[in-house]
Amino acid sequence: MKNRKTIYAIIALLFACILYIYDNYDVEEKNISFSSNFNYLPTSTTGQIIHHNYYSLSYNEKFEQAEWVAYELTLEHLSNQNFKRSYFEKDSKVKTQSANYKNYKNSGYNKGHLCPAGDRKFSKEAFNETFLTSNITPQLYEFNAGIWNRLEQKVRYWVQKYDKLYVITGGVLSKNLKTIGSEKVAVPTQFYKIILDYHQPKIKAIAFLIPHKASEKGLYNFVVTIDEIENLTGIDFFPELPDEIESKLEKSSNYTNWNFRNF
DNA sequence: CTGGACGTC
DNA sequence: GACGTCCAG
């Protein structure tokens with residue numbers, strides 16, 4: 001009888017070991033296959049990267065705005081909740097002080113979100129967090145409510161289709177830009193948006209570079225390579241991707257994998 | 001959705 | 001300055 005109990009105990013132990021190994025093996029597999037904690041952040045040309053709860057940014061003090069704002073957008077983030085629009089406050093995390101919203105008053109330019117409020121509607125906290133002056137840039141009303149809005153809606157459409165995207169947005173901060181307000185907030189002449197769909201094995205990306213003016217043209221007219229935006233901004237996008245994949249993605253302006261429909 | 005203007009306390 | 005209401009693309 002003692003032998004039989006010992007055998008049962010050993011079998012139970014072996015079974016537990018197999019389960020344990022199998023379980024861990026599964027976890028490791030998932031991390032490799034989906035890499036849920038992929039670091040999608042670009043490099044910073046200013047050294048001032050700021051992490052908020054629901055998006056990150058790289059602030060450029062000279063131009064009084066972010067050179068990029070980056071965030072993850074998933075299907076779960078989309079929401080029909082309505083929150084009251086908040087007032088823009090300074091970003092307390094920007095050590096050099098982000099611009100005061102008053103610079104925009106009567107400037108002829110709107111306070112255009114870089115991380116759209118409409119992409120952070122899953123909670124009041126997330127929504128309100130987009131109302132920081134480190135997250136805005138001077139935009140013409142006709143541009144902001146027009147083609148730029150169309151692009152932002154397109155991203156939300158793509159999330160419904162592709163489930164999860166990484167979005168990086170900014171104005172091209174080049175020399176001799178017009179400025180507004182006492183703090184001289186620069187007015188970019190072009191804005192870019194880069195979208196990465198990190199679903200292996202078919203990782204795909206698309207980049208837009210749009211002149212800062214009203215346009216009725218289809219969005220596909222503004223597709224460029226990521227390399228082109230890197231050359232204009234000096235920013236390295238997706239440095240964490242394996243070099244081979246990064247190189248291939250960034251020199252392509254092929255958008256056939258992205259459904260445009262009527263846009 | 002993207003925004004601003006204006007009146008009131 | 002904050003809030004409510006109204007407006008346009």
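Chain letters run A, B, ... following the sequence lines, proteins first, then strands; residues in each count from 1.
Rounded to an integer number of Å, the gap from CH2 of A:Trp148 to P of B:dT2 is 13 Å. Atom P of nucleotide C:dC6 and atom CZ of A:Arg85 are separated by 18 Å, given to the nearest angstrom. For the pair A:Phe83 CZ and B:dT2 C1', the interatomic distance rounds to 18 Å; values are reported in whole Å. As a whole-Å value, the separation of A:Lys105 NZ from B:dG3 P is 16 Å. In this structure, OH of A:Tyr141 is placed 10 Å from P of B:dG4, rounded to the nearest angstrom. Here B:dC1 presents its C1' atom at 17 Å from OH of A:Tyr157, a figure rounded to the nearest Å. As a whole-Å value, the separation of A:Leu114 CG from B:dG3 C1' is 15 Å. A straight line from CD1 of A:Ile147 to C1' of B:dG3 spans 17 Å, rounded to a whole angstrom.
Contact annotation for A:Gly118: backbone-only contact, meaning every heavy-atom pair under 4.0 Å involves sugar-phosphate atoms and none involves a base. At a threshold of 4.0 angstrom between heavy atoms, the contacts of A:Gln139 with the nucleic acid are absent.
In this pair, A:Tyr166 and A:Tyr40 present their aromatic rings parallel. The plane angle is below 30°, not in the 30 to 60° band. Between A:Phe131 and A:His113, the ring planes lie perpendicular to each other; the angle is over 60°, past the 30° to 60° tilted range. Between A:Phe122 and A:His77, the ring planes are parallel. Angles under 30° get that label, and only those over 60° would be called perpendicular.
Listed candidates were C:dA8, C:dC3, B:dT2. Nearest to the side chain of A:Tyr87 is C:dC3. Across C:dG9, B:dG4, B:dA5, the shortest atom-to-atom separation from the side chain of A:Lys111 is found for B:dG4. Of all nucleotides listed (B:dG4, B:dT2, C:dG1), B:dG4 comes nearest to the side chain of A:Asn110.
Where A:Tyr101 and A:Lys84 meet DNA chain C, the nucleotide closest to each residue was compared, and A:Tyr101 sits on the side nearer the 5' end. Closest-nucleotide positions on DNA chain B for A:Asn82 and A:Tyr104 were compared, and the one nearer the 5' end corresponds to A:Asn82.
The heavy-atom pair separating A:Lys193 from A:Thr169 by the smallest distance is NZ-OG1, 2.9 Å.
Taking side-chain N and O atoms only, A:Asn149 has no distance below 4.0 Å to OP1 or OP2 of B:dC1. The shortest distance between the side-chain N/O atoms of A:Lys102 and the OP1/OP2 oxygens of C:dG1 is below 4.0 Å. Not one side-chain nitrogen or oxygen of A:Arg156 sits closer than 4.0 Å to the OP1 or OP2 atom of B:dC1. A close approach under 4.0 Å does not occur between any side-chain nitrogen or oxygen of A:His113 and OP1 or OP2 of B:dT2. Between A:Lys121 and B:dC1 there is a side-chain polar atom (N or O) within less than 4.0 angstrom of OP1 or OP2.
Both tests pass for A:Lys204 against the ring of A:Tyr162: distance under 6.0 Å to the centre and angle within 45° of the axis.
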